[in-house]
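To start, the structure itself, in structure tokens.
Below, read A as the first sequence line, B as the second, and so on, with proteins coming before strands; counting in each chain starts at 1.
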2 protein chains.
Amino acid sequence: MKAATPGADPEPPRRRRMSRAERERQMMDIAEQVFTERGYRGTSMDEIAERCGVSKPMLYEYFGSKDGLLLACMGRAKAELYEVTQKAMAGASTPDDILWRGMVAYFSFIDSHSRPFAMLLQEPLSGPPKTAEAIEETRRQQSELIAGVLRTFAPDAPATAVAAYTQIIVGACERLALWRAGHPELTVEDAARHMTDFCRHGLAPYLK
Amino acid sequence: MKAATPGADPEPPRRRRMSRAERERQMMDIAEQVFTERGYRGTSMDEIAERCGVSKPMLYEYFGSKDGLLLACMGRAKAELYEVTQKAMAGASTPDDILWRGMVAYFSFIDSHSRPFAMLLQEPLSGPPKTAEAIEETRRQQSELIAGVLRTFAPDAPATAVAAYTQIIVGACERLALWRAGHPELTVEDAARHMTDFCRHGLAPYLK
DNA sequence: TGAGTAAGTTACTCGCGGTAGGTTACTGAC
DNA sequence: GTCAGTAACCTACCGCGAGTAACTTACTCA
């Protein structure tokens with residue numbers, strides 16, 4: 001049965017067969033969107049399946065579980081973030097410039113992916129097995145980048161200080177990015193400027 | 001029926017009736033522990049009820065829902081954290097000392113409550129309605145404290161810088177505290193020192 | 001043109017959050 | 001004492017959503 005009411009075919013692009021790769025991408029796009037709208041817990045696999053125009057077992061066929069689907073979405077975002085920040089920093093020359101470009105790239109990325117990313121950073125609790133782990137992995141990836149900059153920036157700093165400062169900067173960026181969500185008056189450049197200023201001199205410039 | 005096997009009474013303290021207040025406290029203690037062990041999702045209300053020596057509807061009677069129970073646990077932790085940091089800072093005189101004592105109190109608190117707190121900070125995603133909100137509320141409370149210090153510390157800093165720096169510091173503390181969980185060699189004092197150093201001078205001391 | 005396979009489906013099970021409605025035991029008034 | 005009132009507590013159930021088994025449809029290529 002191709003059409004119940006002959007003559008009227010309201011959705012010709014839907015319900016078409018897709019290759020696995022194509023379907024997987026579509027599923028991840030939709031899942032990201034639904035997770036963002038409803039939060040992890042509020043999202044049901046049935047709804048994602050329905051929006052994909054496909055039945056639930058297909059999701060399980062391709063992603064194994066709800067967690068697996070979330071993990072796949074996160075993996076994609078992680079790769080994108082890494083690529084964006086990495087490339088931004090590669091185009092710089094001085095350490096100052098590296099830091100600045102990295103920060104701008106980071107805040108811009110969060111800005112354009114704000115919804116999904118806010119979820120990723122805020123929702124590790126879904127309590128799934130590996131989700132928090134995956135986010136930690138993303139952080140580690142970004143930490144490597146930052147630690148590298150620090151070693152260039154401050155070659156004489158002891159390793160433990162570099163490690164601690166790396167965590168401090170990662171946490172600071174994350175929080176500031178999340179905070180910006182509720183404070184649109186703070187532009188990407190403002191955020192980046194505050195971060196770089198603070199990294200370089202701390203509160204010193206404001207002390208009497 | 002008081003005892004199935006006469007003469008043997010293996011658990012006299014269990015199964016006794018308790019007042020509502022007493023029972024609530026016990027439930028929260030146990031819930032905190034089980035949430036910590038299994039994570040939010042991995043925890044079932046049946047298990048908490050069983051460990052309390054009580055049946056599930058009692059939990060619902062007192063806390064309304066699983067989220068409600070978590071929220072109650074979080075509320076308690078939040079109040080404790082505030083009290084501890086608040087008091088520590090009240091005993092100081094110079095701004096430097098305020099910052100130092102606040103940090104030491106914060107890292108010590110996380111240290112002694114590390115398990116439950118790691119969960120609180122990492123698991124906001126359970127996607128419940130208000131859990132993430134409650135954590136945000138805790139952060140706001142701590143932010144007030146920090147912003148106050150900053151205004152004393154650096155009275156000439158513009159308000160937007162103070163606001164941004166507050167977020168930066170909150171995020172940095174959080175991340176460093178979480179990171180410490182996997183790096184026991186970093187003592188509370190080390191962490192506090194790195195934080196206060198970074199806050200005051202940033203990377204400047206290490207630049208050539 | 002039909003064997004093989006990849007895409008897709010229906011129709012279930014099961015665990016867990018949540019609830020309706022009833023029972024047990026403590027308290028205080030007469 | 002004893003009995004009304006209430007607070008603590010229980011058994012037995014519901015529904016929803018994650019996950020699965022077993023089957024069907026449609027493309028592809030020798």
Let me know the distance between [atom1] of [X] and [atom2] of [N], rounded to the nearest Å.
| X | N | atom1 | atom2 | answer |
| --- | --- | --- | --- | --- |
| B:M18 | D:dC9 | CE | P | 8 Å |
| B:E61 | C:dG21 | CD | C1' | 13 Å |
| B:L59 | C:dT19 | CG | P | 13 Å |
| B:E50 | D:dT11 | CD | P | 12 Å |
| A:R23 | D:dC27 | CZ | P | 13 Å |
| B:R38 | C:dC16 | CZ | P | 11 Å |
| A:R20 | C:dT5 | CZ | P | 16 Å |

*By side-chain hydrogen bond (donor to acceptor under 3.5 Å, both in side chains), which residues pair with A:R25, not counting sequence neighbours?*
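Residues passing side-chain hydrogen bond (donor to acceptor under 3.5 Å, both in side chains) with A:R25: none at all.
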
*Under the salt bridge (Lys or Arg N to Asp or Glu O under 4.0 Å) rule, collect the residues that match up with A:R193, sequence neighbours excluded.*
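For A:R193, the residues satisfying salt bridge (Lys or Arg N to Asp or Glu O under 4.0 Å) (neighbours in sequence not counted) are A:D190.
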
*Return yes if some donor-acceptor pair links the side-chain N/O of B:K66 with the main-chain N/O of B:Y40 below 3.5 Å, else return no.*
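At least one qualifying donor-acceptor pair exists.
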
*Assign each of A:M27 and B:P57 to its nearest nucleotide of DNA chain C by heavy atoms, then name whichever residue's nucleotide is nearer the 5' end.*
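Taking each residue's closest nucleotide, the earlier one in sequence belongs to A:M27.
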
Could you list the donor-acceptor pairs under 3.5 angstrom formed between side-chain atoms of residues 85-93 of chain A and any protein atom two or more places apart in sequence or on another chain?
residue	atom	partner	partner atom	Å
A:T85	OG1	A:L81	O	2.9
A:T85	OG1	A:Y82	O	3.1
A:T85	OG1	A:Q142	NE2	3.4
A:K87	NZ	A:E83	OE2	3.0

_Base of D:dA8, side chain of B:R17 - is there a donor-acceptor contact under 3.5 Å?_
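For B:R17, whose side chain was compared with the base of D:dA8, there is a donor-acceptor pair (under 3.5 Å).
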
Output one line per pair: protein atom, nucleotide atom from nucleotides 13-19 of chain D, and distance, for all N/O pairs under 3.5 Å.
residue	atom	partner	partner atom	Å
D:dA18	OP1	A:T43	O	3.1
D:dA18	OP1	A:K66	NZ	3.1
D:dA18	OP2	A:M45	N	2.9
D:dA18	N7	A:K56	NZ	3.3
D:dG19	OP2	A:Y60	OH	3.2
D:dG19	OP2	A:K66	N	2.9
D:dG19	N7	A:K56	NZ	2.9
D:dG19	O6	A:K56	NZ	2.9

_According to side-chain contact (heavy atoms from CB on, under 4.5 Å), who are the partners of B:E137, at least two apart in sequence or on a separate chain?_
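Checked B:E137 against side-chain contact (heavy atoms from CB on, under 4.5 Å); matches are B:K78, B:R140.
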
*Please identify each residue that fulfils side-chain contact (heavy atoms from CB on, under 4.5 Å) with A:E189, with sequence neighbours left out.*
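side-chain contact (heavy atoms from CB on, under 4.5 Å) check on A:E189 returns A:W100, A:T187.
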
*Give B:Y62 one of three labels, base, sugar-phosphate or nothing, depending on what nucleic acid heavy atoms sit under 4.0 Å from its own.*
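Sugar-phosphate contact only - B:Y62 comes under 4.0 Å of backbone atoms but never of a base.
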
